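Computed from a predicted structure; not experimentally measured. Start at 1 and go down the list; that is how both ligands and their atoms are numbered. The chain is numbered in sequence order, starting from 1.
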Amino acid sequence: METSILVIYTGGTAGMAYNKRGELVPMNFEQIRRKMPELRQLNMAVEVVNLGEPIDSSNVMPADWLRMAALIAEKYDQYDGFVVLHGTDTMAYSAAALSFLLENLGKTVVFTGAQVPVGGIRTDARRNLVTALEMAAARHPVGNTVRVPEVCLFFNDLLIRGNRAKKVESQQYDAFRSENYPPLARAGIELAFHDKQIRLLPASKLHVHQRFDERVALIRLFPGLSERVLRAQLELDDLRGCVLETYGSGNAPTAPWFLNCLREASDRGVVLLNVSQCEEGRVLQGRYETSAYLSDLGIVGGDDITVEAAITKLMFVLGLALESTQSRRLMAQDLRGEITLL
Ligand code: ASP
């Protein structure tokens with residue numbers, strides 16, 4: 001039987017065109033299809049569904065992630081794989097979010113998009129979408145099982161794990177990188193899959209989660225961050241979690257006011273996750289004196305997680321509505337390949 005792939009169209013530059021004021025605005029998928037005759041040449045059935053009105057991904061919200069996951073759940077048995085056509089700006093957040101929502105995923109979900117709209121002569125939309133479709137349809141030559149049963153992101157020539165991706169470029173074609181985990185596949189003349197990097201789980205039923213808790217904050221430290229500004233965020237009445245972007249291998253100031261702010265938040269049950277501002281490397285709480293005290297305050301070390309995966313994981317874990325000690329324990333665990341534990 002012919003392979004069938006569902007494209008979930010959300011918007012983004014790939015499907016945009018210029019309006020009268022010279023600004024890029026999203027088009028509908030039928031306009032895209034007309035510009036991509038190669039879609040008909042693929043050896044697979046490609047169907048398209050709009051998530052809603054196409055949007056610039058700067059407008060994506062957690063409610064959109066829940067709708068994407070619900071749509072995949074609804075269509076899961078009807079299709080062999082899924083491609084999410086999405087703007088690049090928040091694609092890494094969406095891919096990470098979906099990886100947490102789709103537990104025990106047994107099919108491929110590939111996010112892709114483009115830097116240049118599909119109508120542009122030097123567009124990357126056609127190549128990215130065609131290759132993403134091939135990746136979503138890929139099966140093992142031996143055994144015919146799904147090659148990449150993960151939420152991943154294809155861009156330029158790399159297939160990377162969704163919750164390891166980061167947008168690193170707004171001008172060049174190689175917009176995404178995965179600094180702390182090797183790519184799952186590379187598209188050259190042939191598609192080369194790196195099977196050892198792909199996460200294979202024993203087959204079990206897909207479980208689709210349906211909640212994020214948005215009562216979270218993301219605070220990036222900088223020399224000069226004042227007590228007033230830190231308190232204004234950490235003392236928000238309903239704050240339940242916060243990702244702290246610290247320096248280097250997870251270091252932070254040791255000034256008493258800083259420690260007190262964190263201690264008070266932690267004692268109120270706020271789940272704090274320590275993530276590094278460095279794009280490569282990992283948080284090692286205790287390596288320096290300037291991080292040793294953080295574990296004592298109940299702050300979870302984020303290991304080698306990206307900020308995008310950290311904030312979505314926090315919203316996901318808090319959405320499970322557990323006691324804060326249990327939430328902290330889950331935050332320290334590798335749930336979907338988003339961290340490498342030492
Ligand atoms: N602003 C666009 C978006 O994220 C950028 C892109 O798609 O490349 O929707």
Side-chain angles (χ1 to χ4, degrees), residues 7-36 39 48-69 71 82-99 109-133 135-136 151-178 183 187 212 214 218 279 306-309 311-312 315:
V7 175
I8 300 175
Y9 177 49
T10 71
T13 296
M16 289 190 184
Y18 288 98
N19 68 10
K20 288 193 194 108
R21 289 202 301 261
E23 301 151 341
L24 281 169
V25 289
M27 312 186 269
N28 66 40
F29 197 85
E30 276 326 300
Q31 293 165 282
I32 304 176
R33 208 194 269 276
R34 266 183 254 131
K35 294 183 197 296
M36 287 194 63
L39 287 181
V48 181
V49 57
N50 291 320
L51 188 70
E53 274 302 301
I55 53 171
D56 186 299
S57 77
S58 306
N59 284 316
V60 162
M61 296 296 284
D64 298 305
W65 301 332
L66 298 177
R67 278 165 49 222
M68 289 176 209
L71 196 54
F82 299 86
V83 169
V84 184
L85 191 53
H86 194 288
T88 58
D89 288 346
T90 59
M91 195 190 292
Y93 292 89
S94 296
L98 267 282
S99 78
V109 177
V110 188
F111 279 76
T112 196
Q115 295 283 56
V116 179
V118 66
I121 295 179
R122 297 179 59 243
T123 184
D124 51 340
R126 297 155 70 152
R127 190 160 74 104
N128 284 350
L129 181 55
V130 165
T131 316
L133 287 164
M135 297 282 187
V151 176
C152 38
L153 185 155
F154 177 76
F155 217 87
N156 198 38
D157 57 358
L158 292 181
L159 184 75
I160 52 191
R161 180 170 294 157
N163 54 36
R164 296 286 192 152
K166 199 173 223 355
K167 182 172 179 182
V168 292
E169 257 298 343
S170 60
Q171 295 292 316
Q172 307 298 323
Y173 289 115
D174 55 344
F176 288 90
R177 238 177 280 158
S178 158
F212 282 110
E214 294 170 44
L218 173 58
E279 267 154 36
T306 62
V307 173
E308 291 83 346
I311 194 75
T312 49
M315 284 192 260

> Carefully, step by step, assess Glu169 and Thr88 under the rule side chain to side chain contact (heavy atoms under 4.5 Å, CB included).
CA-CA 10 Å; Glu169 257 298 343; Thr88 58; over 6 Å; no
> From atom 9 (O) of ligand 1, work out which of Ser58, Ser57, Ala125, Ser170 has a heavy atom at the shortest distance.
Ser57
> For Gly12, take its heavy atoms, then give the atoms of ligand 1 lying under 4.0 Å from any of them.
7 (O), 9 (O)
> Counting only nitrogen or oxygen atoms and a 3.5 angstrom limit, does Asp56 reach ligand 1?
yes
> Within the side chain of Arg67, is there an N or O that forms a donor-acceptor pair under 3.5 Å with the backbone of Leu51?
yes
> Can you tell me which residue and heavy atom of the protein come closest to atom 8 (O) of ligand 1, and the distance to 0.1 Å?
Thr88 OG1, 2.5 Å
> The test is side chain to side chain contact (heavy atoms under 4.5 Å, CB included); show your working for Val118 and Met27 and say whether it passes.
CA-CA 10 Å; Val118 66; Met27 312 186 269; 3.7 Å; yes
> Using the ring pair (Phe, Tyr, Trp, His ring centres under 6.0 Å) definition, which of the options Phe176, Tyr93, Phe111 pairs with His86?
Phe111
> Between Thr123 and Gly120 (side chain of the first, backbone of the second, donor and acceptor by atom type, cut-off under 3.5 Å), is there such a pair?
no
> Checking the N or O distance criterion of under 3.5 Å, is ligand 1 in contact with His86?
no
> Does an N or O anywhere in Ala114 fall below 3.5 Å from an N or O of ligand 1?
yes
> Tell me, with the steps shown, if Leu133 and Leu39 meet side chain to side chain contact (heavy atoms under 4.5 Å, CB included).
CA-CA 9 Å; Leu133 287 164; Leu39 287 181; 3.6 Å; yes
> For atom 6 (C) of ligand 1, grab the closest protein heavy atom and report residue, atom and distance to one decimal in Å.
Thr13 OG1, 2.7 Å
